[in-house]
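Down below is the structure, laid out as structure tokens.
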Amino acid sequence: MNNKSTKHTKVLILGSGPAGYTAAIYAARAMLKPILVFGSEPGGQLTTTTDVENFPGYSKVIQGPWLMEEMKGQAKAVGTEMIQDHIKKVDLSKKPFEAIGDSSQVYTADSFIISTGAQARWLNLKSEQEFRGFGVSACATCDGFFFKQKEVAVVGGGNAAVEEAIFLTKFASSVKLIHRRNELRAEKMLQAKLKSNKKIEIIWDSVVEDVLGEENPKAVKGVKIKNVKTNKVSDIKLDGLFVAIGHDPATSLFKGQLNMDKEGYIVTKPDSTVTNVPGVFAAGDVKDKIFRQAVTAAGMGCMSALEAEKFLSSRK
């Protein structure tokens, strides 16, 4: 244990979005001296969001990356050790738990908080990434407000896509739902609600080929779509495009070690961040596919630190 390549901590936190940073703040204030390991994209999904209007405590619009920097600074100030490393392997079967980084650093921990988040699936178009945050979004609840009386489209055919399309009708003047098949995967009740909404038009059998826009000021002006049955290509005038083709939780490290649902989200006890392995906790989008908000992730981060503290003190 005393070789220099092993770092031991009472609480190891993996991931640095609102969940990880909040867990770190609470664990550090409980004098647990946590270590937080963050990867190549510190700050998580919020760093890809520009204007944040729904995080409590700010009456003026704030920037996502700034908010994450502030959380990071706060976690550091109260005593969290931050390390940039990419964890390639974890072993939750041994005590203490073990994690190994790309740097060959070995981390051992008495408790483990997993807050590695999720990534929205994208269409993988160059133009889509170019206009991300400038009219292209993967979160209607985050960005719908910015499209009052504008024309928008949602790509997808599952529950999330249908819910986003319905939600966007509160703001947008018209909403198009673009789906690559000729039927939706969404629940029948949702589909009925969608089809009865006068503001929504469904474009079947179609895929987005390109996002059209202008550079100065940077803004989406439309999309190029292709009908997969006829191969006919057409342009649609739009102010915003919402991609709702699903999320992937970053949980591959824990496959076979923690209980997950069929989509790979970590399963925790109700109203808790406790996983099936005592001493391992999961917080934020890594376990939450329903709300996916910064504030709910932060709330779960707090819960995970309090539950870790309780776990550690009960072991004594």
Side-chain angles (χ1 to χ4, degrees), residues 12-25 27 34-52 54-55 62-76 80-90 99-105 107 112-134 136-139 141-143 218 242-255 263-266 281-289 291-301 304:
L12 181 64
I13 301 166
L14 207 53
S16 62
Y21 286 147
T22 308
I25 291 163
I35 290 176
L36 184 150
V37 179
F38 61 93
S40 55
E41 291 175 30
Q45 292 180 84
L46 255 203
T47 54
T48 65
T49 308
T50 45
D51 293 358
V52 175
N54 56 9
F55 198 84
I62 56 169
Q63 299 300 302
W66 174 83
L67 180 60
M68 297 327 297
E69 275 300 311
E70 288 293 297
M71 282 195 196
K72 182 182 185 176
Q74 188 177 0
K76 259 186 163 152
T80 304
E81 185 181 348
M82 304 260 177
I83 300 170
Q84 179 157 19
D85 196 355
H86 179 261
I87 300 293
K88 58 182 177 184
K89 191 168 175 273
V90 297
I100 298 162
D102 274 348
S103 62
S104 303
Q105 177 72 60
Y107 306 87
F112 201 153
I113 294 174
I114 299 164
S115 48
T116 44
Q119 286 91 29
R121 285 187 209 133
W122 294 95
L123 302 166
N124 293 326
L125 303 170
K126 190 170 166 279
S127 55
E128 163 197 57
Q129 296 308 319
E130 213 176 294
F131 288 102
R132 210 162 125 181
F134 297 93
V136 174
S137 167
C139 180
T141 39
C142 317
D143 301 326
K218 205 171 198 183
F242 290 85
V243 181
I245 54 174
H247 282 72
D248 294 311
T251 54
S252 53
L253 268 179
F254 313 103
K255 290 247 152 75
E263 292 166 77
Y265 288 86
I266 296 171
F281 308 88
D285 285 17
V286 78
K287 62 140 283 183
D288 166 33
K289 57 184 173 189
F291 303 108
R292 291 203 192 100
Q293 299 299 305
V295 65
T296 49
M300 280 180 261
S304 67

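Annotation: ring-ring contact (aromatic ring centres under 6.0 Å, His included) contacts of F112 (sequence neighbours excluded): none. Considering only residues two or more places apart in sequence or on other chains, S127 meets the side chain to side chain contact (heavy atoms under 4.5 Å, CB included) condition with L125, D210, V211.
With rounding to the nearest 0.5 Å, the separation of NZ in K287 from CZ in F281 is 12.5 Å. The OG atom of S115 sits 11.0 Å away from the CE atom of M300 when rounded to the nearest 0.5 Å. Annotation: the span from D288 atom CG to Y265 atom OH amounts to 8.5 Å, rounded to 0.5 Å. Atom CD of residue Q63 and atom OG1 of residue T47 lie 12.0 Å apart, to the nearest 0.5 angstrom. The structure places CE of M82 at 11.5 Å from CD1 of I35, a figure rounded to the nearest 0.5 Å. Separating the CG atom in N54 from the OG1 atom in T141 is a distance of 7.5 Å, to the nearest 0.5 Å.
Here the shortest heavy-atom pairing between F254 and L14 reads CZ-CD2, 4.0 Å. Considering every non-hydrogen atom in both I266 and A282, the closest pair reads CG2-CB, 3.7 Å. Closest non-hydrogen pair, T251 versus G264, comes out as OG1-O, 2.6 Å. Among all heavy-atom pairs drawn from V136 and W122, the shortest one is CG1-CZ3, 3.9 Å. Between A75 and T80, the closest heavy-atom pair is O-OG1, 2.8 Å. For A294 against L46, the heavy-atom pair with the smallest separation is CB-CD1, 4.0 Å.
In terms of modelled atom types and a separation under 3.5 Å, the side chain of Q84 and the main chain of G39 share a donor-acceptor contact. Side-chain N or O atoms of E128 include one that pairs as donor or acceptor with a backbone N or O of N124 at under 3.5 Å. Using a distance-only test at 3.5 Å, with no hydrogens or angles considered, a donor-acceptor pair links the side chain of T116 to the main chain of A250.
Remark: K126 NZ is loosely packed, at most 12 non-hydrogen atoms of other residues, nucleotides or ligands lying under 6.0 Å away. The number of heavy-atom neighbours closer than 6.0 Å to CD of E41, taken from other residues, nucleotides and ligands shown, is 12 or below. Atom NZ of K76 is surrounded by 12 or fewer heavy atoms from other residues, nucleotides or ligands within 6.0 Å. Counting non-hydrogen atoms of neighbouring residues, nucleotides and ligands closer than 6.0 angstrom, the NZ atom of K218 exceeds 12 such neighbours.
Between M68 and P42 there is no side-chain heavy-atom pair separated by less than 4.5 Å. A 4.5 Å side-chain heavy-atom check between Y107 and D85 finds at least one atom pair inside the cut-off. Side-chain contact between Y21 and I13 is absent, with no heavy atoms from C-beta onward closer than 4.5 Å. Counting heavy atoms from C-beta outward, Q45 and H247 have side chains that approach closer than 4.5 Å.
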TODO: Go through the steps for S16 and M71 under the test side chain to side chain contact (heavy atoms under 4.5 Å, CB included), then give the verdict.
DONE: CA-CA 9 Å; S16 62; M71 282 195 196; over 6 Å; no
